[in-house]
Each structure stands twice: as structure tokens, then as C-alpha cells.
Amino acid sequence: MMEKSNFIRTIIEEDLKTKKHDYPVTRFPPEPNGFLHLGHARAILTNYNLATEYGGYFNLRFDDTNPVTEDTLFVEAMQKDIEWLGCPWKNLYYASNYFDEMYKRAMLLVKKGMAYVDELTADEIKTYRGDLTTPGKESPYRHRSVKENVRLFEGMKNGEYPDGSRVLRAKIDMASGNMNMRDPVIYRIQRAEHHNTGNDWCIYPMYDFAHPIEDAIEGITHSLCSLEFEDHRPLYDWFVKHCEMPNVPRQIEFGKLMIAHQITGKRHIRKLVEEGVVDGWDDPRLITLSGLRRRGVPPQAIHAFIETLGLPKSQGYTDIAMFYEVVRDYLSQHARRIHGIIDPVKVVITNYEGDIETLEAPFHRDREDFGSRPVAFGRELYIERDDFLMEKPNKKWKRLSLGIEVRLMHAYFIKAHDVETDDEGRIQTIYCTYDNATRSGTGFNERKPNGTIHFVEATTAKPAEVRLYENLLKEDGSNAINDASKKIQHGFIEGNVDMHEQEAFQFTRNGYFALDPDSRHDALVFNRVVALKSSFKK
RNA sequence: UGGGCUAUGGCCAAGUGGUUAAGGCAUCGGACUUUGACUCCGACAUCGAUGGUUCGAAUCCAUCUAGCCCAGCCA
């Protein structure tokens with residue numbers, strides 16, 4: 001694939017050319033407090049691709065500096081998702097493994113008189129900070145002696161003070177126009193069990209302090225993050241410099257990938273999961289990576305999507321339709337085609353005598369290497385209910401009607417002559433005749449059928465539950481939950497196909513479908529990954 | 001009335017002073033078709049605004065306008 005240029009690529013190429021670095025080292029630094037979603041794919045793939053394309057490497061680092069929100073459940077899920085995405089990391093790190101080093105670096109700051117222990121309450125700190133247009137005031141504790149600060153910071157670490165009673169702050173500039181520079185808190189006291197370090201620590205570093213140290217320790221060259229951290233960059237650089245880190249990483253910000261009308265917020269998804277509105281973090285209607293995987297989206301389609309979008313420094317909402325189109329495009333080239341009826345109605349071929357016969361059908365019209373499979377044909381079939389109308393309504397109708405002849409794909413022409421309905425007038429059975437001379441592959445061309453439809457032979461077909469999805473949120477502007485977002489139907493697929501787990505198939509004329517983990521041998525369950533495009537207008 | 005950032009067609013997005021402003025999505029025509037899919041043709045922008053610099057500007061300068069982010073002991 002031809003890589004698109006982007007401003008970060010330009011920076012890296014420049015850094016390589018000037019020998020600032022021999023190769024790039026990047027990282028993806030999630031906090032393990034939720035599931036990864038499509039938006040994160042941009043960050044993961046960007047970091048991975050940039051590093052590997054230029055001969056460097058990529059790390060996965062869990063940014064686990066806040067024990068109360070983090071959980072090993074998420075640590076495991078994230079690893080699985082990133083592996084699935086196809087971005088193997090060279091090293092797996094935890095910010096929490098650097099707690100000793102971070103403490104030492106913070107102490108260095110204290111000793112240099114560049115950090116102090118503050119005893120203001122959280123509310124007081126907020127008040128002293130000022131607001132967007134008024135400068136902050138210095139804390140009365142700001143000018144303690146280095147000696148006192150050393151003792152107090154040690155005391156914090158040793159658990160001598162209650163939670164929230166003291167913090168360590170960097171001494172920078174209470175009047176700065178950049179709020180982040182108004183003596184940011186860098187350590188807080190928090191007695192909480194950490195998923196990795198247990199109860200070893202009762203003080204935990206804040207992101208602004210921890211992140212640059214982590215990057216520097218790992219020798220990250222280009223530290224990519226999203227736009228909202230732009231005004232944290234001076235602080236990032238301040239810590240790298242004053243903590244005297246030997247490696248100097250460069251923070252570069254890019255625009256987050258946001259998808260319109262999709263739920264990505266951790267709290268929001270958690271709530272939906274808890275309330276049973278969705279079937280879990282991997283519900284196929286969610287654009288979590290787990291949800292997309294379960295739905296049957298191939299990771300390569302996600303790569304292609306991210307690549308098409310590029311890497312902007314602006315911020316906007318991308319239409320989910322663009323994603324589905326890329327998925328379709330990928331699947332169109334890579335998915336095997338089979339017949340699956342998702343809303344069946346029975347057809348009886350009244351002039352068909354004898355046993356089931358077997359025809360041959362290719363898996364993909366343009367890909368001989370995909371091979372072919374045997375397709376059964378016999379007296380009883382299923383076709384799609386909406387492929388039949390009693391009367392052909394107009395000349396555009398390219399399907400079955402009474403007295404009208406259509407081609408059954410890869411089989412014969414059939415012509416409908418009668419129907420049987422139930423008490424409510426709903427069609428139960430369509431009676432047709434077939435013409436043995438029209439068998440597919442014989443080159444028969446004496447008549448043109450009124451279109452081509454697909455079918456499945458009734459006695460050999462396998463029943464299948466199909467789950468059809470629409471957007472989870474209504475797109476009418478209300479953003480309310482769409483109650484019709486999951487629709488379950490019962491249909492049939494042809495009986496002679498071997499399937500691999502998670503392989504997406506095209507059910508001819510219906511869209512792409514993949515086996516759901518709920519499937520069992522005798523009870524197949526498919527998710528519709530995405531429908532086919534249709535220009536059909538009645 | 002602080003600081004940071006962004007503005008290119010309905011959406012995403014290339015472009016970093018020099019022919020008719022890439023490409024994708026969407027939309028609208030049309031061709032083809034044993035998937036109303038795919039594929040293929042065709043249509044679809046004076047680059048937020050206004051001034052300036054220049055032989056020449058989406059690209060440089062100025063001013064203005066709009067939008068986003070920042071006042072967690074979250075990340």
C-alpha cells in the first residue's frame with residue numbers, strides 16, 4: 001500500500017536525515033480502564049506503522065498511574081485487541097514498573113527546589129489557581145525549604161499522612177497563561193490497591209509528570225498524542241529537562257479519530273452494558289475493537305480505513321458510512337460468496353422429478369483461486385421472500401413474479417405459476433417450473449431471464465440465525481437508543497460449505513456475514529457485518 | 001478582556017508560491033452484469049472573510065470571523 005504523507009512522517013524523515021535519531025521508537029500508552037475502540041485504532045496503527053516503516057519499533061505501555069480506575073480485565077482485553085489488529089509490540093511495559101524511578105526523579109526536583117509539598121486542600125488549590133483570565137496566587141507553602149520538602153515528600157511516600165492531605169507540586173509559574181504551568185500537582189496520596197504494584201505505594205504520580213518520564217525511560221523518540229495535550233507540551237518538556245532525563249522524547253499531537261453518532265465513552269458504554277442495552281463490551285453494534293471483531297470486520301479493513309482518513313491536525317467527525325464502505329471494499333475482494341436466505345419462503349419445482357442434484361458454483365466470480373463448491377438443487381427450495389411479488393410491478397422489477405421467469409444463480413431458470421397462502425394471505429409456497437435446458441454453465445442464451453436471484457435447496461440447507469444490525473443510536477438528531485438496532489431472523493444457508501471461525505462470507509445479494517461465537521455446530525449464528533450497497537429504487 | 005490549536009465541495013482529506021485545486025465517501029446520471037454487488041464512464045470547489053506582498057497565493061503578511069481544547073489531588 002502506498003503510504004500517504006502526513007506531517008508526522010515529515011518530522012520523522014527529517015529527524016532521520018539529520019541523524020537526530022537512527023530509528024524511531026513509539027508507543028501506544030492506554031490507561032487500562034475500558035475497552036479500545038475504532039478511534040484508538042488510529043493511534044495504535046499510526047504509532048505502529050510509523051515506527052516499523054522507518055526501521056524502528058513500537059511498545060505497548062499501560063499508563064497505569066491511577067489505581068482506582070484501572071483493572072487487569074482491561075489490560076488483557078487491550079492486549080487481545082491490539083494483537084488482533086495486527087500491531088505486535090516489541091516490549092510490553094507498565095508505567096507502574098517505573099514508580100521507583102519516578103519517585104527518584106520527583107525527589108530530584110524537590111532537591112533542586114523545583115517542587116514542593118503543599119498542604120492546601122483540593123478546594124483551596126483550585127481557588128488559588130485562579131481562572132482562565134485571572135492569574136493564580138502562590139500557595140503559602142510554596143517557599144518551604146528544600147530540607148523540609150524532602151522530609152515531607154518522604155513522609156508522603158512512607159504513609160505518614162492521610163489521603164488527600166498533601167500533594168507534591170512542581171514550582172513553575174502561578175501566573176502563566178497556560179493553566180498547566182500553574183504549579184501542577186505531580187504526586188497525590190491515595191491508598192488504593194494497584195492492579196500491578198498492589199499496596200507497595202500510597203502515593204501515585206499524575207499523568208503530566210509520569211508520562212514524559214515514562215517516554216524518556218523507554219527511549220521513545222516521537223511521543224504521539226491527541227490534540228488536547230498540546231498545551232501540556234511545555235510541561236512535558238519542562239519535566240524531561242529538569243528531571244535530567246538522558247533521552248529527550250518529542251511530543252507530537254494529532255487529531256483524534258471521532259466517528260459521528262457512535263458511543264465511545266467508557267462510562268457510557270459501561271452503563272449500557274450494565275443496563276443490558278447492549279450485550280457486552282463486544283456487542284457488534286459497538287465500535288469497540290472487540291465489537292468489530294465479533295461482528296466480523298477484518299482487521300485489514302480497519303487498516304485501510306485508517307489509511308484513507310490520513311492523519312490530520314484538525315478535528316472533525318467522520319461518517320460511519322465511510323468505514324462501512326471500506327469494509328465492503330475489502331470484503332468484496334476477499335470474502336467467499338455463498339447463498340444464504342435471510343427471510344425464506346418455500347418454492348416447489350412442480351416439474352422436477354428425482355433426487356437432489358449437485359451443481360458447481362465458484363466461490364468468487366473474479367477469483368478462480370478461491371475454488372468452488374457443490375450446490376444442491378432439488379424439488380424444494382427457499383428463496384428470499386422479497387424476491388417474489390405476485391405481479392411484476394414495473395419493468396425495473398428483476399425478480400420473480402407469477403408467469404415471470406428468472407435465473408436461479410448457478411442453477412436453472414424457473415417460472416412461477418401458482419402460490420399458496422395462509423389464512424392471513426401470507427405466501428407460504430410458490431409453485432414454479434424449471435427448464436432443464438437452462439442449466440448454468442451450458443451457455444444457454446435463447447431467452448433472457450427477468451433477473452437473477454439466489455436460492456438454497458431445502459432438504460440440505462442448514463438453518464441459521466442471522467443478526468442484522470443498524471446504528472445503535474438513532475441518527476435523527478435525538479441520539480436516542482435505536483430499538484431496531486438489532487434484528488434477529490431465521491434463515492438457511494447452503495449446506496456444503498466449510499467455515500473458519502470469524503471468516504466473513506458474502507451471502508449473495510444480502511451482504512457480508514460472519515459466524516458469531518454464539519454458534520454451535522447444530523445452530524449457526526451469523527452477524528451481518530455490513531449490507532451490500534444497493535442502487536435499487538422502486 | 002488568558003493560553004493553545006484548527007479553518008479546502010454535504011463528510012473525510014492531499015496540497016508547504018507557479019499548468020485546468022489529488023483522492024476517498026455521499027449524491028446524481030449512464031454502461032455492463034448469472035450478485036439491482038463489483039467494475040467502468042460522466043457530473044459535482046474560485047481553498048472561512050477582508051485587505052496586502054508578488055509577474056504569480058489555498059500556500060507569505062495583517063486584521064477579522066467561526067469552531068475546538070485548558071481552571072481533576074483523571075488520563
Side-chain angles (χ1 to χ4, degrees), chain A residues 4-7 10 29-31 33 63-66 68-70 118 120-123 125-127 129-136 163-169 175-182 184-190 203-204 206-208 210-211 225-234 253 255 257 260 305 307-319 321-326 328-329 332-333 337 339 361-362 364-366 396-399 406-411 413 438 440-441 444 449 451-454 506-511 531-538:
Chain A
K4 287 169 78 165
S5 72
N6 64 54
F7 74 102
T10 307
E31 182 187 20
N33 67 348
D63 206 359
D64 52 353
T65 56
N66 184 3
V68 305
T69 60
E70 295 150 12
D118 199 351
L120 253 24
T121 65
D123 279 347
I125 287 179
K126 182 182 166 72
T127 308
R129 186 154 32 224
D131 62 29
L132 298 182
T133 50
T134 46
D163 285 15
S165 61
R166 286 169 173 79
V167 292
L168 184 71
R169 292 229 253 171
S176 172
N178 182 346
M179 300 293 291
N180 298 298
M181 303 299 272
R182 321 246 261 226
V185 172
I186 61 182
Y187 263 96
R188 76 277 209 181
I189 304 173
Q190 196 164 49
I203 57 171
Y204 291 95
M206 300 290 290
Y207 168 88
D208 279 317
H211 209 87
C225 64
S226 46
L227 258 21
E228 68 264 35
F229 292 102
E230 260 171 330
D231 49 15
H232 292 239
R233 195 183 335 126
E253 312 82 12
L257 169 56
F305 176 59
E307 187 64 27
T308 359
L309 292 181
L311 192 63
K313 219 176 132 83
S314 55
Q315 194 68 93
Y317 281 90
T318 298
D319 193 333
M322 204 178 302
F323 175 64
Y324 291 138
E325 184 49 34
V326 175
R328 243 182 238 118
D329 183 58
S332 159
Q333 300 169 53
R337 276 105 234 249
H339 294 165
H364 189 127
R365 183 174 147 182
D366 306 320
K396 289 195 159 189
W397 177 256
K398 295 296 183 193
R399 306 181 189 181
V406 297
R407 182 199 307 274
L408 291 181
M409 199 185 298
H410 304 127
F413 290 10
T438 59
S440 179
F444 178 87
T452 300
I453 65 172
H454 57 106
Q506 184 190 116
F507 286 2
T508 309
R509 300 205 305 138
N510 271 325
L532 248 32
K533 232 187 331 195
S534 171
S535 60
F536 181 42
K537 294 175 198 73
K538 34 198 185 291

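So that the names make sense, note that chain A is the first sequence line, chain B the second, and so on, each numbered from 1.
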Rounded interatomic separation in angstrom, taking [atom1] from [X] and [atom2] from [N]:
X       : N      : atom1 : atom2 : answer
N178(A) : C5(B)  : CG    : P     : 10 Å
E230(A) : U6(B)  : CD    : C1'   : 9 Å
D329(A) : C38(B) : CG    : C1'   : 10 Å
Q315(A) : G67(B) : CD    : P     : 16 Å
Q190(A) : C74(B) : CD    : P     : 6 Å
Y207(A) : A75(B) : OH    : P     : 10 Å
D208(A) : C70(B) : CG    : P     : 13 Å
L227(A) : A7(B)  : CG    : P     : 10 Å

* Asked: Looking only at atom types and distance, does a side-chain atom of R188(A) sit under 3.5 Å from a main-chain N or O of D163(A), one as donor and one as acceptor?
  -> no
* **Any donor-acceptor N/O pair, R182(A) side chain to S176(A) backbone, under 3.5 Å** => yes
Does [X] have a side-chain nitrogen or oxygen under 4.0 Å from the phosphate oxygens OP1 or OP2 of [N]?
X       : N      : value
R169(A) : G72(B) : no
T69(A)  : A75(B) : no
S534(A) : A37(B) : no
R129(A) : C73(B) : yes
K313(A) : C5(B)  : no

Would you measure the distance from the [atom1] atom in [N] across to the matching atom in [M] and give it in whole Å?
N      : M      : atom1 : answer
A13(B) : A58(B) : C1'   : 14 Å
C60(B) : A45(B) : C1'   : 23 Å
G18(B) : G3(B)  : C1'   : 38 Å
C38(B) : C32(B) : C1'   : 11 Å
G48(B) : A57(B) : P     : 15 Å
G4(B)  : U63(B) : P     : 14 Å
U20(B) : C25(B) : P     : 27 Å
U53(B) : C61(B) : C1'   : 7 Å

Pairing nucleotide - [N], Watson-Crick or G-U, each distance under 3.5 Å:
N      : value
A66(B) : U6(B)
A71(B) : none
G56(B) : none
U46(B) : none
G51(B) : C61(B)

* Pull up the glycosidic torsion of G23(B) and say syn or anti, syn being anything within 90° of 0. => anti
Which part of the nucleic acid, if any, lies within reach of [X] when heavy atoms closer than 4.0 Å are counted: base, sugar-phosphate only, or nothing?
X       : value
G164(A) : base
L408(A) : nothing
R399(A) : base
H232(A) : base
S535(A) : sugar-phosphate
T508(A) : base
G441(A) : base
M206(A) : sugar-phosphate
V167(A) : base
E253(A) : nothing
Y317(A) : sugar-phosphate

* Given RNA chain B, 5'-ward residue of the pair E228(A) and L120(A), judged by closest heavy atom -> E228(A)
* With RNA chain B as reference, determine whether T134(A) or R233(A) sits nearer its 5' end, using the nearest nucleotide of each. => T134(A)
From [options], pick the nucleotide closest to the side chain of [X]?
X       : options                : value
K126(A) : U34(B), G72(B), A13(B) : G72(B)
M179(A) : A75(B), C38(B), A71(B) : A71(B)
L532(A) : U35(B), G36(B), G2(B)  : U35(B)
N66(A)  : G36(B), A75(B), U34(B) : A75(B)
S440(A) : U34(B), G4(B), U35(B)  : U34(B)

* To do: Please check if the distance between the ring centroids of H232(A) and H211(A) is under 6.0 Å.
  => no
* **Polar side chain donor-acceptor pair, T134(A) to D131(A), under 3.5 angstrom** => yes
* To do: Would you name the heavy atoms of Q333(A) and H364(A) that are closest together and state the gap between them?
  => O-CE1, 3.9 Å
* Asked: Looking only at heavy atoms, what is the nearest atom pair of N178(A) and P234(A), with distance?
  -> ND2-CG, 3.8 Å
* Parallel, tilted or perpendicular: ring planes of Y207(A) versus F229(A), cut at 30 and 60 degrees -> tilted
* How many angstroms lie between OG1 in T318(A) and CG in L309(A), if you round to the nearest 0.5 Å? -> 5.0 Å
* **Reported CG-to-CZ distance for the pair L120(A) and R129(A), which is rounded to 0.5 angstrom** => 10.5 Å
* Would one find more than 12 heavy atoms of other residues, nucleotides or ligands at under 6.0 Å from atom CZ of F7(A)? -> yes
* **Y324(A): partners by ring-ring contact (aromatic ring centres under 6.0 Å, His included), with sequence neighbours left out** => none
* **R169(A): partners by salt bridge (Lys or Arg N to Asp or Glu O under 4.0 Å), with sequence neighbours left out** => D118(A)
* Could you run through nucleotides 23-33 of chain B and give me one letter per nucleotide, 5' to 3': B if any protein heavy atom sits under 4.0 Å from the base, S if only the sugar-phosphate is that close, - if neither? => -BSS-S----S
